[in-house]
Amino acid sequence: MKHQSPNLDFAQIGTIFNQVTTSLVGGVTAQNARLVMRDLQTIQSSLETLIAKHPEQFQGEAGIHAQNIVDQVNLEMQAIKSIGTDPYAAKYINDVQRDLIDIVQGDDQLAGLASRHGASGFAPVPDLLVPPAPFQGNAEQTAFMKQFAADAVDLGNRAVALADQGAPPNGADTQKLIQDITDYVNNANAFTVAQGGLYSARFNNEFALDGVNGTASRALIHALQAGDADQVQAAANVLAANAADVAGNMLGIGDTPMPTGNGIPDHIDTFAQAGSVFNDATTKLIGGVYDGAQNDGNRQSIINDLTAARDGIAGLLQANPEQFEGAAGNHAQKIVALLGKEIDAVEAAGTGPGGSVQINALHRTIVGIVQNDPTLKAAATDGDIAGFAPLPQGPGGALMSKPHAPAFPVAQHDGHFGVGSGHGADHGGHGFSFEHFWG
């Protein structure tokens with residue numbers, strides 16, 4: 001029997017998405033995969049229902065962006081199912097989850113809907129200390145990227161011109177353009193899927209049928225068929241913006257990447273600095289720890305972050321004990337010890353069934369200690385730095401310091417034109433309980 005999709009508004013859907021974000025810190029295993037998949041299915045089906053019932057909330061580019069959330073969830077569920085067989089599955093999950101956050105936060109209409117009734121749906125995660133290095137593609141990949149970007153702009157311009165002319169949907173020019181768009185989106189999907197590895201993990205959410213390009217292309221075709229000039233313009237804008245984003249994330253042949261370092265200060269002088277380095281690990285841990293196929297994973301960079309935060313706090317405790325008097329000192333010492341345990345867990349991630357859940361529990365506990373200690377919470381903020389940032393809050397404002405049960409009934413998604421239309425995972429397992437270290 002199929003469950004009915006719950007009637008949730010965009011902010012409520014966004015808090016379930018927050019729950020997924022926080023659950024993904026450390027990664028996905030059989031112990032939490034089933035619940036994460038159920039939440040993703042609820043997000044997908046509930047948003048489909050909301051778009052259908054309240055199209056007035058999702059006009060123009062906001063509607064395309066909202067539909068892309070529905071579509072990209074397919075990619076994320078596909079990546080979750082590939083854990084254990086794809087060495088870049090964690091990277092894939094990280095890219096999709098963070099891309100969807102960026103889509104909402106970068107769209108004024110969706111961001112407004114996500115913050116209704118005091119909620120903070122699709123909440124942002126901390127910025128990385130340094131931006132990700134642009135992908136160094138081979139000659140074929142670079143040539144494809146350049147042609148893709150040019151075609152996106154050209155197709156959008158052609159569509160806008162036809163719409164402005166009032167070209168009939170069944171006219172020869174419109175039908176030729178629709179065929180060209182169809183070929184373009186199918187070719188882009190075939191190319192990105194064929195590349196595999198790190199390339200697919202980084203670019204499927206932009207090139208694939210269920211990525212931004214696929215969603216925007218379908219919207220452009222639908223707008224042409226409906227003779228909707230405003231929607232044609234909106235779809236053309238999304239296509240062009242996606243192409244520009246792709247071009248900015250990839251280096252051309254012969255281009256030299258600018259050295260950025262890892263962003264970790266040579267010497268940590270404040271608790272807030274230590275917290276900003278910890279934040280870097282938070283964002284990298286979404287999706288999990290991975291080594292990649294060519295030692296191009298995130299494990300060592302996460303260890304570097306956690307080690308720098310641990311050693312920095314230990315140094316501050318020794319050099320400036322007056323800053324950590326009373327309970328704050330005890331809590332800071334506990335954070336140092338917990339960071340050591342988390343480093344061990346990251347080093348061992350992938351070697352046992354509970355590693356990801358242990359990392360998640362330790363990471364949440366460290367954040368909870370800081371956020372529940374007034375002295376440490378104040379010390380973690382210094383100007384623009386907000387260290388040990390709270391993790392996104394789930395339904396009801398829950399910090400989710402323990403593994404969760406689904407917040408709402410689960411609705412199955414029937415799938416649609418696109419890659420990887422997914423349904424629930426078959427993984428079982430139970431939650432991992434842990435002690436609250438503050439008091």
Practice task
Measure the acute angle between the ring planes of Y199 and F135, then classify it against the limits of 30° and 60° as parallel, tilted or perpendicular.
Solution key: perpendicular

Tell me the closest heavy-atom pair linking [X] and [Y], and the distance in Å.
| X | Y | result |
| --- | --- | --- |
| A274 | I268 | N-CG2, 3.7 Å |
| A281 | L306 | CB-CD2, 3.8 Å |
| L40 | M77 | CD1-CG, 3.8 Å |
| E347 | I303 | CG-CD1, 3.4 Å |
| N360 | V25 | ND2-O, 2.7 Å |
| V370 | A380 | CG1-CB, 4.1 Å |

Main chain of [Y], side chain of [X]: is a donor-acceptor contact present, judged purely on distance under 3.5 Å?
| X | Y | answer |
| --- | --- | --- |
| Q358 | A345 | no |
| S115 | G112 | yes |
| N279 | F388 | yes |
| N18 | G394 | no |
| Q323 | N320 | no |
| S356 | G26 | yes |
| D210 | L75 | no |
| T381 | A378 | no |
| Q195 | F191 | yes |
| S276 | Q273 | yes |

Problem - Cationic N near anionic O, under 4.0 Å, K377 to D373 - result: no

Judged by modelled atom types alone, do [X] and [Y] share a side-chain donor-acceptor pair under 3.5 Å?
| X | Y | result |
| --- | --- | --- |
| Y92 | D86 | no |
| D9 | H54 | no |
| Y184 | N213 | yes |
| Q78 | N74 | no |
| N237 | E61 | yes |
| Q19 | D39 | yes |
| S23 | N32 | no |

Exercise for the section: Could you please spell out the steps behind the side chain to side chain contact (heavy atoms under 4.5 Å, CB included) verdict for L285 and E342? Expected result: CA-CA 12 Å; L285 278 167; E342 188 170 1; 3.6 Å; yes

Just wondering, do [Y] and [X] contact through their side chains at under 4.5 Å, heavy atoms?
| X | Y | result |
| --- | --- | --- |
| T192 | E206 | no |
| D382 | F271 | no |
| L391 | T282 | yes |
| V193 | S200 | no |
| L338 | T365 | yes |
| Q57 | L50 | yes |
| T215 | R218 | yes |
| S46 | I13 | yes |

Problem - Derivation and outcome, side chain to side chain contact (heavy atoms under 4.5 Å, CB included), residues N94 and Q97 - result: CA-CA 5 Å; N94 185 286; Q97 191 73 9; over 6 Å; no

Practice task
Start with the C-alpha distance between D107 and I103, add both sets of side-chain angles, then the distance that settles side chain to side chain contact (heavy atoms under 4.5 Å, CB included), and finish with yes or no.
Solution key: CA-CA 6 Å; D107 184 306; I103 285 172; 5.6 Å; no

Roughly how far apart are [X] [atom1] and [Y] [atom2], rounded to 0.5 Å?
| X | Y | atom1 | atom2 | result |
| --- | --- | --- | --- | --- |
| L220 | L155 | CG | CG | 7.5 Å |
| L47 | L8 | CG | CG | 10.0 Å |
| T49 | Q44 | OG1 | CD | 10.5 Å |
| I64 | I69 | CD1 | CD1 | 12.5 Å |
| K341 | I366 | NZ | CD1 | 10.5 Å |
| R299 | D291 | CZ | CG | 4.0 Å |

Fill in the blank from the handout: side chain to side chain contact (heavy atoms under 4.5 Å, CB included) filter on H222, not counting sequence neighbours, yields none

Handout entry: Counterpart residues, side chain to side chain contact (heavy atoms under 4.5 Å, CB included), relative to D280 (two or more places apart)
Key =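 Residues passing side chain to side chain contact (heavy atoms under 4.5 Å, CB included) with D280: L128, L129, K284, D305.
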
Exercise for the section: Begin from the C-alpha positions of F324 and H331 and carry the test side chain to side chain contact (heavy atoms under 4.5 Å, CB included) through to its verdict. Expected result: CA-CA 9 Å; F324 304 95; H331 290 157; over 6 Å; no

Problem - Validation row, ring centre F207 to ring centre F148 under 6.0 Å - result: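 For F207 and F148, the ring centres are under 6.0 Å apart.
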
Exercise for the section: Taking the six-membered ring for Trp and the full ring for Phe, Tyr or His, determine whether the centres of F122 and F10 are under 6.0 Å apart. Expected result: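 Yes, ring centres under 6.0 Å apart.
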
Practice task
Verify the neighbour count for atom CG of D127: are there more than 12 heavy atoms of other residues, nucleotides or ligands below 6.0 Å?
Solution key: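 Check fails, neighbour count at 12 or below.
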
Problem - H267 atom NE2, over 12 foreign heavy atoms within 6.0 Å - result: no

Problem - ring pair (Phe, Tyr, Trp, His ring centres under 6.0 Å) assessment of F58 paired with H65 - result: CA-CA 9 Å; F58 304 100; H65 291 153; over 10 Å; no

Exercise for the section: Using side chain to side chain contact (heavy atoms under 4.5 Å, CB included) as the criterion, point out the one residue from L24, D99, I43 that pairs with E76. Expected result: L24

